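The structure displayed is predicted, hence computed values, not measured ones.
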Amino acid sequence: MVDAALSLEGVTCTFVSRTGDGRRYTAVQDVDLSIASGEFVSVVGPTGCGKSTLLNVGAGLMIPSSGQVRVFGQPLSGINKRAGYMFQGESLLPWRSALDNVVAGLEFSGTPKAQAREAARDWLRRVGLGGAEDRYPHQMSGGMRKRAMLAQTLIRDPDIILMDEPFSALDIQTRQLMENEVLDLWMAKRKAVLFITHDLDEAIAMSDRVVVLSAGPGTHPIGEFNIDLPRPRDVAEVRAHPRFVELHSAIWAVLRDEVLKGYAQQKRA
């Protein structure tokens with residue numbers, strides 16, 4: 001049996017309240033989740049259900065209270081060096097140009113400067129930013145910054161790609177362009193992808209498998225769906241496919257009550 005690229009086994013994350021009263025909050029509980037090499041897996045769930053917590057555990061940025069993380073069969077200790085992480089928020093350094101932002105990861109890992117800068121130029125061209133190498137983040141649109149962040153994530157050729165709602169702040173047209181860009185790049189090398197999103201349409205359009213999480217506290221997977229839509233896909237066109245409509249209906253039937261629970265909990269809070 002081939003080891004999964006990333007495997008979360010019985011992962012629980014419990015936090016102590018910041019109010020100082022000693023109360024504890026369990027964000028995710030007994031979560032089992034695996035992503036095979038070359039598989040694109042999306043995780044959906046209500047706001048605040050712990051989706052980003054699982055991503056941080058997989059990246060090695062957070063140590064679970066219990067359970068284990070394995071990377072290609074080996075227990076993860078410290079930062080997951082085989083993963084690239086594309087954050088939801090801005091991760092570009094404002095004092096660096098697009099080129100200098102993209103090249104940073106290679107520079108920090110000791111790649112010779114000339115080689116690193118040539119690779120950065122190549123990746124900027126791949127994501128449609130050829131000619132924008134000297135622009136600073138404040139000189140770029142939101143979509144351009146996301147393209148630079150994508151190049152920044154992929155330049156080190158990670159075996160696992162972690163993405164935390166990377167396109168949520170973009171307008172719908174730019175978002176669909178970026179989604180197709182990611183799919184094209186993924187199809188070329190078929191790395192393992194764990195993609196966090198609150199957008200069910202996005203999850204179905206992009207993924208091989210969609211995992212549904214329950215509302216917190218004690219979040220856990222409550223549904224898993226294989227997305228058997230043909231590839232390659234255009235994220236706009238695939239939404240009209242009859243099978244897309246069937247899958248959306250089936251997943252929403254599981255997700256709807258959890259979204260309502262999460263909304264009610266937020267109102268009470």
Do [X] and [Y] make a side-chain contact, defined as non-hydrogen atoms from C-beta onward lying under 4.5 Å apart?
| X | Y | answer |
| --- | --- | --- |
| Val193 | Val41 | no |
| Leu8 | Leu54 | yes |
| Ile35 | Lys191 | no |
| Leu150 | Met86 | yes |
| Met163 | Ile196 | no |
| Glu224 | Val212 | no |
| His198 | Ser168 | yes |
| Met206 | Leu183 | yes |

With hydrophobic residues grouped by side-chain heavy-atom distances under 4.5 Å, do [X] and [Y] end up in a single group?
| X | Y | answer |
| --- | --- | --- |
| Trp252 | Ile204 | yes |
| Val182 | Leu229 | no |
| Leu61 | Val31 | yes |

- Item | Non-neighbouring partners of Phe167 that pass ring-ring contact (aromatic ring centres under 6.0 Å, His included), sequence neighbours left out | none
- Item | Partner residues of Ser66 under the side chain to side chain contact (heavy atoms under 4.5 Å, CB included) criterion, sequence neighbours left out | Thr12
- Any salt bridge (charged side-chain N to carboxylate O under 4.0 Å, His left out) involving residues 240-254? Give me the pairs, sequence neighbours left out, ordered by first then second residue. Asp228-Arg243, Arg243-Glu246
- Salt-bridge contact Asp201-Arg239 (side-chain N to carboxylate O under 4.0 Å): yes
- Item | Residues Asp164, Lys51: salt bridge by 4.0 Å N-O rule | no
- Task: I would like to know whether Arg147 and Leu177 meet side chain to side chain contact (heavy atoms under 4.5 Å, CB included); could you show each step before the answer?
- Result: CA-CA 10 Å; Arg147 287 175 182 273; Leu177 287 172; 4.1 Å; yes
Under 3.5 Å: donor-acceptor pair, side chain of [X], backbone of [Y]:
| X | Y | result |
| --- | --- | --- |
| Ser7 | Ala4 | no |
| Arg82 | Asp159 | no |
| Asp208 | Glu39 | no |
| Asn180 | Val235 | yes |
| Asn80 | Gly58 | yes |
| Asn101 | Leu93 | yes |
| Arg233 | Ser207 | yes |
| Gln139 | Tyr136 | yes |

- Can Leu185 and Val127 be said to form a side chain to side chain contact (heavy atoms under 4.5 Å, CB included), step by step? CA-CA 9 Å; Leu185 292 169; Val127 300; 4.3 Å; yes
Return the set of residues passing side-chain hydrogen bond (donor to acceptor under 3.5 Å, both in side chains) with [X] (not counting sequence neighbours), or none when no residue passes.
| X | answer |
| --- | --- |
| Thr53 | none |
| Asp100 | Ser97, Arg117 |
| Ser91 | Gln152 |
| Thr26 | Thr14 |

Keeping to residues at least two apart or across chains, list the ring pair (Phe, Tyr, Trp, His ring centres under 6.0 Å) pairs with something in [range].
| range | value |
| --- | --- |
| residues 84-112 | Tyr85-Phe87 |
| residues 200-251 | none |
| residues 38-58 | Phe40-Trp186, Phe40-Phe195 |

- Check which hydrophobic residues are tied to Val103 through side-chain heavy-atom contacts below 4.5 Å, counting indirect links as well, and list them. none
- Message: Set out, in order, the CA-CA distance, both residues' side-chain angles and the distance that settles side-chain hydrogen bond (donor to acceptor under 3.5 Å, both in side chains) for Arg175 and Gln173, then state yes or no.
- Response: CA-CA 5 Å; Arg175 182 172 185 153; Gln173 293 86 358; over 6 Å; no
- Query: If you count the non-hydrogen atoms of other residues, nucleotides and ligands that lie under 6.0 Å from CD1 in Ile63, is the total more than 12?
  - Reply: no
- Which side-chain hydrogen bond (donor to acceptor under 3.5 Å, both in side chains) pairs, counting each pair once, include a residue from residues 120-135, with sequence neighbours left out? Asp122-Arg126
- Task: Might you work through the side-chain hydrogen bond (donor to acceptor under 3.5 Å, both in side chains) test for Thr197 and Glu202, ending with a clear yes or no?
- Result: CA-CA 8 Å; Thr197 180; Glu202 180 177 66; 2.6 Å; yes
- Closest non-hydrogen atom pair between Pro221 and Asp32, with its separation: CG-O, 4.1 Å
- Point-to-point distance, once rounded to the nearest 0.5 Å, from CZ of Arg231 to CE of Met187: 6.5 Å
- Task: Determine, stepwise, if the pair Leu194 / Ile160 fulfils side chain to side chain contact (heavy atoms under 4.5 Å, CB included).
- Result: CA-CA 8 Å; Leu194 180 56; Ile160 302 165; 5.7 Å; no
- Message: Run Glu107 and Arg96 through salt bridge (charged side-chain N to carboxylate O under 4.0 Å, His left out) and show every step you take.
- Response: CA-CA 13 Å; Glu107 286 183 345; Arg96 280 181 170 248; 3.6 Å; yes
